[in-house]
Visitor: 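To start, I am sharing the structure in question, which I have written as structure tokens.
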Amino acid sequence: MFELDSGKSAAHEEQPETGRRAHASRRNFMRKVFFASGATAVATMGGAGAWAAMADDTNTAGATASAAPSGAPSGGPGGGAGGPGNQSITEEFFGLTTDGKRIDDLFTIHSTGVETAPVIAAANAFLAGLTDDQKTSTQFTVHSTEWRLWSNVDSFERQGVSIADLTDEQRALGTALLKSALSADGLETTEKIRKINQAAGEAIGNTDAFNEEAFFYTVMGTPSDTEPWGFQFDGHHLVINYFVLGDQVVMSPCFWGSEPTSMEIDGETVTVCHEEVVASLAFINSLTEAQQAVAIESTTKSNESMKAGAFSDNAVQAYTGLRCNKLSAVQKKKLLGIVEAFASRAKADVAKARMAEVRKHLDDTYVTWAGGIEDDSAFYVRVHSPVVWVEVDCQAPGPLAGAYGASQGSGATQMHVHSVIRTPNGNDYGKELLRQHYLTSPHHR
């Protein structure tokens, strides 16, 4: 796979700080480290012609290619927390694999029937509503490394424009963009995560770090019905990557989490990340004892088990646990329910296309479990196939423990959940579709 540049013009580096948005000098440094690694993989793109086409394809920010990608993947499993010690992308994007080698021909450019006109219109309206300075800080090239610079950690320095930076009119345009991409459940989930983040911040007296406004928009490329583009919405416990090419959509990686997962706010109990927990427990309890003995690798749950969180785009993880080719029809339906809890946060037509892709590889899907299987048990589950990777991870109480009477660092709990959905074998962020587009489109040759 390939990555060319930071996607920003030189003028971008001179923009002033606004609102709560700190200038991301640490991330710019990481880019410099990344691009200093040299150029050795042009051949993987199909030759110099494809490379030249990529170099010429820049967005309105005016960025141009500065370096070719480095060599083969070197990333391994880990990085669930995405903390300061894990903020590094010194290797080119390769994608999640089982052995460091991608499976070819899993993803192709084809018609899906997904209606992308609404999200194109909403993205164009959002960009048009920004000031020139905001737009310069927010829009990157479609092949920018900005796609990969996301984290679920509250203190991570983000690019783009935050909700705090926006006027009421601009906020409405940002909400309209999310509404055009997400289902009613998906939009409600984003709002609940932000709402709990604010209330928990108030409960511990730290709304500077934990609030409902420190969530950032970036747009990659120029919204189009023919050319590749996408957007990212990034903040504490909430990350959405949304890639569009024609009528194809890739909504991954997406990170959904919360601490706590349930909280009384203004007299109402607000609960989030419940669907994936319920679906996971329903599946594991549908298995026979013999099947559980294969699926459950440990009956105890560590404080953190996630393998492919932030900055783990190239994780290498062999299939483990229970292969699902011999599940009953009922068990397969419950397994699909775990994935559907995530896929259904996109619009119905996007979710339908995603689930069809997952079903196609259902017999090559594996499930790994750690922890208990009771309704209130803390657990970890990984659903892993050639085309989908889902992790649901009950974490130990963290910095917001005081908001629900817990002690930071005590045992894992359903009150602190991290979860992620990814597309293995190179198609996170739509990277494989992007590669094929540049190789096959006549105007890029």
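From a predicted model like this one, the values you see are computed outputs, not experimental measurements.
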Visitor: Between the side chain of D154 and the main-chain N/O of H236, is any donor-acceptor distance below 3.5 Å?
Guide: no

Visitor: Is it the case that the side chains of S407 and S410 hold a donor-acceptor pair, with the cut-off being a distance below 3.5 Å and no angle test?
Guide: no

Visitor: Would you confirm whether S377, through its side chain, and E374, through its main-chain N or O, come within 3.5 Å as a donor-acceptor pair?
Guide: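 Yes; at least one donor-acceptor contact below 3.5 Å.
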
Visitor: State, to 0.1 Å, how close N285 and I373 come at their nearest heavy-atom pair, and which atoms those are.
Guide: ND2-O, 2.9 Å

Visitor: Could you pull out all donor-acceptor pairs under 3.5 Å where a side-chain atom in residues 336-351 meets a protein atom, sequence neighbours excluded?
Guide:
| unit_1 | atom_1 | unit_2 | atom_2 | d |
| --- | --- | --- | --- | --- |
| S344 | OG | E340 | O | 2.7 |
| R345 | NE | A341 | O | 3.4 |
| R345 | NH2 | E275 | OE1 | 3.4 |
| R345 | NH2 | E276 | OE1 | 2.7 |
| K347 | NZ | K179 | O | 3.2 |
| K347 | NZ | L182 | O | 3.4 |
| D349 | OD2 | E115 | N | 2.9 |

Visitor: Ignoring hydrogens and geometry, is there a side-chain-to-backbone donor-acceptor pair from S312 to A315 under 3.5 Å?
Guide: no

Visitor: Search all heavy atoms of L127 against all heavy atoms of P223 and return the closest pair with its distance.
Guide: CD1-CD, 3.8 Å

Visitor: If we ignore hydrogens and angles and just use 3.5 Å, is the side chain of R102 paired with the main-chain N or O of T97 as donor and acceptor?
Guide: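 Not a single qualifying donor-acceptor pair exists.
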
Visitor: Do you know which two heavy atoms are closest between Q134 and T138, and how far apart they sit?
Guide: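 Nearest heavy atoms, Q134 then T138: O-OG1, 2.7 Å.
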
Visitor: Decide side chain to side chain donor-acceptor pair (under 3.5 Å) for Q198 and E213; before the verdict, give the C-alpha distance in whole Å, the side-chain angles of both, and the deciding distance to 0.1 Å.
Guide: CA-CA 8 Å; Q198 175 74 37; E213 294 186 330; over 6 Å; no

Visitor: Report the C-alpha distance between Y217 and F231 in whole Å, list the side-chain angles of each, state the deciding distance to 0.1 Å, and finish with yes or no for ring pair (Phe, Tyr, Trp, His ring centres under 6.0 Å).
Guide: CA-CA 7 Å; Y217 295 93; F231 74 90; 7.6 Å; no

Visitor: Atom CZ in F215, atom CZ in R194: separation rounded to 0.5 Å?
Guide: 6.5 Å

Visitor: Set out, in order, the CA-CA distance, both residues' side-chain angles and the distance that settles side-chain contact (heavy atoms from CB on, under 4.5 Å) for V119 and Y242, then state yes or no.
Guide: CA-CA 10 Å; V119 72; Y242 195 95; 4.0 Å; yes

Visitor: Has the side chain of T413 got a donor or acceptor atom that lies under 3.5 Å from a matching backbone atom of H416?
Guide: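 Between the backbone of H416 and the side chain of T413 there is no qualifying donor-acceptor contact (under 3.5 Å).
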
Visitor: Should the pair R435-E432 be classified as a salt bridge under the 4.0 Å nitrogen-to-oxygen rule?
Guide: yes

Visitor: Would T141 and S144 count as a side chain to side chain donor-acceptor pair (under 3.5 Å) if you check the C-alpha gap in whole Å, the side-chain angles of each, and the deciding distance to 0.1 Å?
Guide: CA-CA 5 Å; T141 59; S144 170; 4.7 Å; no

Visitor: Walk me through it: do V272 and E188 pass the test side-chain contact (heavy atoms from CB on, under 4.5 Å)?
Guide: CA-CA 9 Å; V272 73; E188 182 181 30; over 6 Å; no

Visitor: What distance do Q232 atom CD and I240 atom CD1 have between them, rounded to the nearest 0.5 Å?
Guide: 10.0 Å

Visitor: Which atom pair, heavy atoms only, marks the closest approach of C273 to V277?
Guide: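 Smallest heavy-atom distance, with atoms named: O-CG2, 3.4 Å.
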
Visitor: State, to 0.1 Å, how close S419 and W256 come at their nearest heavy-atom pair, and which atoms those are.
Guide: OG-O, 2.7 Å

Visitor: Could you tabulate the donor-acceptor pairs under 3.5 Å formed by side-chain atoms of residues 260-269, not counting sequence neighbours?
Guide:
| unit_1 | atom_1 | unit_2 | atom_2 | d |
| --- | --- | --- | --- | --- |
| T261 | OG1 | Q414 | O | 2.8 |
| S262 | OG | T271 | OG1 | 3.1 |

Visitor: Between V388 and E357, is there a side-chain heavy-atom distance shorter than 4.5 Å?
Guide: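 A side-chain contact under 4.5 Å is absent here.
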
Visitor: Under a 3.5 Å distance rule, please check whether T108 uses its side chain to pair with a backbone N or O of H110 as donor and acceptor.
Guide: no

Visitor: Rounded to the nearest 0.5 Å, what's the gap from CD on E202 to OG1 on T207? Could you check?
Guide: 6.5 Å

Visitor: Would H418 and N152 satisfy side-chain contact (heavy atoms from CB on, under 4.5 Å), going step by step from the backbone distance to the final call?
Guide: CA-CA 9 Å; H418 287 182; N152 55 288; 3.6 Å; yes

Visitor: Nearest 0.5 Å, please: how far is CZ in F94 from CG in N425?
Guide: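 Result: 8.5 Å between the selected atoms.
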
Visitor: Side chains of F233 and F216: does their closest heavy-atom pair fall under 4.5 Å?
Guide: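 Contact flag for F233/F216 side chains = no.
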
Visitor: Would you give the length of the straight line joining atom CZ of F156 to atom CH2 of W150, rounded to the nearest 0.5 angstrom?
Guide: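 The CZ atom of F156 sits 10.0 Å away from the CH2 atom of W150.
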
Visitor: Donor-acceptor pair, N211 side chain versus A214 backbone, under 3.5 Å?
Guide: yes

Visitor: Tell me every residue that passes ring-ring contact (aromatic ring centres under 6.0 Å, His included) with F283, counting only those two or more places apart in sequence or in another chain.
Guide: none

Visitor: Taking 4.0 angstrom as the limit, do K195 and E191 come out as a salt bridge?
Guide: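 Salt bridge flag = no for E191 with K195.
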
Visitor: Using side-chain contact (heavy atoms from CB on, under 4.5 Å), reason through D185 and L187 one step at a time and then give a plain yes or no.
Guide: CA-CA 6 Å; D185 174 67; L187 185 63; over 6 Å; no

Visitor: Determine, step by step, whether Y429 and F93 satisfy the ring pair (Phe, Tyr, Trp, His ring centres under 6.0 Å) criterion, reporting the C-alpha distance in whole Å, the side-chain angles of both residues, the deciding distance to 0.1 Å, and the verdict.
Guide: CA-CA 10 Å; Y429 316 101; F93 175 85; 5.8 Å; yes

Visitor: Give me the one residue out of T423, N427, N241 that meets side-chain hydrogen bond (donor to acceptor under 3.5 Å, both in side chains) with S252.
Guide: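 Passing option: T423.
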
Visitor: With heavy-atom distances below 4.5 Å as the criterion, would you say the side chains of V249 and F243 are in contact?
Guide: no

Visitor: Stepwise, does the ring pair (Phe, Tyr, Trp, His ring centres under 6.0 Å) test hold for H384 with H361?
Guide: CA-CA 10 Å; H384 185 188; H361 296 272; over 10 Å; no

Visitor: Run the salt-bridge test on D313 and R422 with the 4.0 Å N-O cut-off and return the result as yes or no.
Guide: yes

Visitor: Please check: side-chain N/O of W147 versus main-chain N/O of V142, any donor-acceptor pairing under 3.5 Å?
Guide: yes

Visitor: Would the distance check show the side chain of Q248 and the main-chain N or O of T112 forming a donor-acceptor pair, the cut-off being under 3.5 Å?
Guide: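 It does not hold such a pair.
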
Visitor: Of the non-hydrogen atoms in I103 and P386, which two are nearest, and what is the gap between them?
Guide: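 Closest approach of I103 to P386, heavy atoms only: CD1-CB, 4.2 Å.
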
Visitor: Give a yes-or-no answer on whether the side chains of T131 and K135 include a donor-acceptor pair shorter than 3.5 Å.
Guide: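 T131 vs K135: no donor-acceptor pair found between side chains.
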
Visitor: Would R382 and D393 count as a salt bridge (Lys or Arg N to Asp or Glu O under 4.0 Å) here? Give the steps.
Guide: CA-CA 9 Å; R382 180 172 67 249; D393 189 16; over 6 Å; no

Visitor: How many angstroms lie between OG in S385 and CG in L362, if you round to the nearest 0.5 Å?
Guide: 8.5 Å

Visitor: Which of these passes side-chain hydrogen bond (donor to acceptor under 3.5 Å, both in side chains) with Y380: K307, Q395, E391?
Guide: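 Going through K307, Q395, E391 one by one, the side-chain hydrogen bond (donor to acceptor under 3.5 Å, both in side chains) with Y380 is satisfied by E391 alone.
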
Visitor: Any side-chain to backbone donor/acceptor pair from D165 onto S162? Under 3.5 Å, distance only.
Guide: yes

Visitor: Does R148 count as lying over the ring of F311, i.e. NZ or CZ under 6.0 Å from the six-ring centre, within 45 degrees of the axis?
Guide: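 Ring-cation test returns no.
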
